[in-house]
Amino acid sequence: MALDRIRTRFAPSPTGYMHVGNLRTALYAYLTARKSGGDFLLRIEDTDQTRQVEGATEIIYNTLKETRLFWDEGPDIGGPYGPYVQSERKDIYKKYALELVDMGAAYYCFCTKERLEEVNRIKELSGQVAGYDNHCRNLSKEEIKANLDAGVPYVIRQRIPDSGSTYFDDLVYGRIEVENNTLDDQILLKADGMPTYNFANVIDDHLMLINPVIRGAEYLSSAPKYSLLYRAYGWEIPDYVHCPPVMRDAQHKLSKRHGDASYEDLVEMGYLKEAILNYIALLGWSPKSDKEKFTLEELEAVFDPKNISRSPAIFDYEKLKFLNGEYIRELSPEDFKEKAMPYIKKTVKGDCDFDLLCHVLQKRCEVLGDISEQVDFIDEMPEYDIDLFTSKKMKTNPENSKQMLNELLPVLEGLNDWTMDNIHGELFKLIEKLGVKNGLLLYPLRVAVSGKQFTPGGGVELAAVMGKEKTIDRVKKALVKLA
RNA sequence: GGCCCAUUGGUCAAGCGGUUAAGACGUCGCCCUCUCACGGCGAAUUCAGGAGUUCGAUUCUCCUAUGGGUCACCA
């Protein structure tokens with residue numbers, strides 16, 4: 001349609017958290033704009049006065065900033081088409097609604113909620129489809145004036161043509177056309193003077209020169225009504241990009257209300273922002289190549305809304321984890337340490353070689369949140385059974401473990417410069433002297449020092465991480481246990 | 001229920017009339033290895049079903065099934 005400048009918008013309603021599906025929609029809108037050097041704007045849809053949530057807008061700002069989805073126009077930075085908060089645009093909607101009434105494309109409706117409920121109840125009983133019965137469609141001018149003068153509360157409804165059909169074009173779904181008689185005379189302006197989403201989005205998107213309009217697929221079925229509105233005003237109908245939902249499983253959408261993680265939750269669990277963004281970009285969209293790892297900048301270059309999928313995508317934590325692991329492994333040792341330390345500190349209050357610990361941890365960490373448990377043996381020796389010394393693969397058992405521990409204890413005690421290289425050197429000399437396999441000596445050391453089946457790092461590494469005193473102490477205790 | 005949309009391995013997906021039906025995650029096996037992991041190699045698993053159209057359908061059409069969305073003074 002309009003081939004002018006690409007302008008997209010992210011228009012969340014402030015609910016108090018960032019939904020993963022919403023974030024993806026924001027991402028797609030952002031990318032679509034950036035790809036073509038267009039504008040990306042932020043608009044807050046807060047027309048439901050009953051659902052105001054304290055601090056909700058801040059969360060939206062923060063999430064977008066954290067993920068580097070910077071906007072060119074928005075409530076905080078302004079812009080030529082403001083205000084960008086719908087509740088501040090009340091007068092604008094009213095003006096346009098009245099204009100519609102004048103044109104005959106909308107009308108005053110004085111029906112009470114009670115009446116509407118009654119109508120729907122009766123319709124349901126008789127097996128009819130719910131919906132407005134057009135009761136106020138043809139009130140006389142006098143009736144309307146009398147009601148208005150008497151201060152009877154009213155809403156303004158869209159007058160849908162009785163016949164004909166309406167279509168719109170979607171970049172991912174193609175052209176969708178429906179019969180007008182399946183459409184309802186929806187409310188445009190509520191009794192409190194606020195517009196409904198169905199009205200506000202049309203006015204705002206037009207006034208803010210938005211094209212294409214990118215949003216969730218739940219609006220697919222109301223889009224024809226919007227076309228009717230655009231047409232009534234003589235405005236150009238924008239192109240649409242409807243994004244399929246992100247699902248928890250085959251039949252449920254991802255939803256915070258049902259316990260699914262929001263963006264903030266994922267971050268708290270220890271997922272990296274870059275990994276989250278990368279993953280959700282791939283949920284319902286795919287590049288024309290095998291490439292899967294993308295920076296935001298790379299996405300900006302290759303993204304094309306035409307490649308968005310038409311079917312719902314199930315959110316797969318396994319894949320997110322994998323991707324997160326990839327991002328973690330790419331971190332510089334310094335960055336990893338900075339991110340990992342808070343999680344390490346949850347279970348390690350004492351001292352140890354944190355640099356070395358981080359070094360061994362980085363390769364074994366998919367989600368930062370797992371770290372706490374991975375290092376929980378460092379401060380305090382866990383209870384363990386001597387069966388742990390038995391490893392078929394290492395050919396160890398409590399008996400030979402005891403032997404080996406007895407062999408390595410004096411070696412460790414005699415070591416003055418407690419570095420990983422030295423420990424490694426001395427122990428391997430011993431291995432050679434004894435003529436045994438590495439594992440036979442080292443596996444028991446690892447168990448003695450950690451009391452765990454799996455640990456980040458082997459015996460030598462753990463000994464180096466924990467220090468001489470603690471290592472020797474634990475080896476001695478293991479010997480007592482094995483006696 | 002009406003209307004709209006969708007349907008390729010367990011998951012994300014490529015494909016756009018002729019392919020050995022990519023790739024990734026996950027799973028399994030092997031190698032590496034002082035555990036686990038990382039890394040390397042390999043394997044198994046898919047076109048929802050049925051009619052058409054066509055020399056030929058995963059690709060086009062229709063029907064069925066299944067799933068989703070929507071029918072609010074919520075967005």
Side-chain angles (χ1 to χ4, degrees), chain A residues 11-13 15 45-48 50-51 109 111 113 116 120 124 127-132 153-157 170 173 176-179 181-184 186-192 194-198 200-201 215-224 242 244-245 247 249-253 279 282-293 307 309-323 325 329 360-366 374 388 391 393-394 424 427-428 431 437-447 450 452-462:
Chain A
S13 61
T15 56
E45 310 224 327
D46 60 345
T47 54
D48 187 351
T50 65
R51 294 209 311 189
C109 169
C111 292
K113 280 189 185 170
L116 296 179
N120 276 333
E124 198 174 323
Q128 292 181 62
V129 185
Y132 187 55
Y154 67 89
V155 301
I156 289 179
R157 284 185 187 271
D170 189 287
Y173 289 93
I176 293 176
E177 182 164 7
V178 301
E179 296 297 321
N181 61 22
T182 64
L183 271 19
D184 197 45
Q186 64 177 348
I187 292 175
L188 267 18
L189 210 65
K190 302 187 264 189
D192 64 0
M194 279 294 187
T196 57
Y197 169 85
N198 294 318
N201 90 83
R215 53 151 79 116
E218 64 268 29
Y219 298 113
L220 222 34
S221 54
S222 20
H242 284 96
M247 313 288 283
D249 54 49
Q251 37 269 75
H252 304 280
K253 259 196 169 42
Y279 176 65
L282 262 19
L283 251 193
W285 170 82
S286 79
K288 290 291 179 200
S289 69
D290 279 352
K291 188 174 162 73
E292 280 203 313
K293 280 199 65 201
N307 296 340
S309 161
R310 280 181 297 267
S311 44
I314 298 174
F315 190 95
D316 183 9
Y317 277 94
E318 292 303 324
K319 181 95 187 213
L320 206 213
K321 252 190 218 171
F322 161 79
L323 221 41
R329 268 169 255 130
V360 295
L361 226 31
Q362 189 165 4
K363 278 183 306 214
R364 293 163 235 262
C365 175
E366 283 198 299
Q374 283 178 292
L388 250 195
S391 163
K393 192 175 159 196
M394 295 299 114
H424 186 271
L427 255 23
F428 272 75
I431 285 168
K437 301 273 276 180
N438 300 348
L440 193 66
L441 184 85
L442 270 5
Y443 187 86
L445 172 61
R446 194 186 62 79
V447 172
S450 70
K452 291 187 86 171
Q453 191 177 5
F454 308 125
T455 51
V460 173
E461 287 159 324
L462 294 187

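To find a chain, count down the sequence lines: A is the first, B the second, and so on, and within it residues start at 1.
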Please check this pair: side chain of A:Asp46 against backbone of A:Ser13, looking for a donor-acceptor N/O pair closer than 3.5 Å.
no
Whole-Å gap separating P (B:rC74) and CZ (A:Arg215):
18 Å
d(OH, A:Tyr279; C1', B:rA13) in whole Å:
11 Å
Between A:Asp316 and A:Lys319, does any NZ, NE, NH1 or NH2 come within less than 4.0 Å of an OD or OE carboxylate oxygen?
no
Atom-pair distance (CG on A:Asn438; P on B:rU35), nearest Å:
9 Å
CG of A:Leu220 versus C1' of B:rG2: gap in Å, rounded?
16 Å
At under 4.0 Å between heavy atoms, how does the protein contact nucleotides 26-32 of chain B? Give one character per nucleotide, 5' to 3', with B, S or -.
S------
Please state how far atom NZ in A:Lys113 lies from atom C1' in B:rA72, giving the value in whole angstrom units.
9 Å
Can a donor-acceptor pair be found, under 3.5 Å and without considering hydrogens, that links the side chain of A:Thr196 to the backbone of A:Ile187?
yes
Write down the distance separating the C1' atoms in B:rC63 and B:rU7, rounded off to the nearest Å.
15 Å
Could you measure between the two P atoms, the one in B:rA13 and the one in B:rG50, and give it in whole Å?
26 Å
Write down the distance separating the P atoms in B:rG52 and B:rU58, rounded off to the nearest Å.
15 Å
A:Arg364 has its side chain closest, among B:rA14, B:rA37, B:rC12, to B:rA37
5' to 3', nucleotides 40-48 of chain B under a 4.0 Å protein heavy-atom cut-off (B base, S sugar-phosphate only, - none) gives ---------
Do A:Tyr219 and B:rA75 have a side chain to base donor-acceptor pair shorter than 3.5 Å?
yes
Rounded to whole angstrom, note down the C1' distance from B:rC41 over to B:rU35.
22 Å
Which value, in whole Å, describes the distance between the P atoms of nucleotides B:rC60 and B:rC5?
15 Å
Please report, rounded to the nearest Å, how far the P atom of B:rA37 is from the CD atom of A:Glu461.
15 Å
Return the value, rounded to whole Å, for the distance between atom CD of A:Glu218 and atom P of B:rU70.
6 Å
Rounded to whole Å, how long is the line connecting atom CD1 of A:Ile314 with atom C1' of B:rC25?
14 Å
Using both distances under 3.5 Å as the test, list the Watson-Crick or G-U wobble partner of B:rC74, or none.
none
Using the C1' atom in both, what is the distance from B:rU11 to B:rG26, to the nearest Å?
8 Å
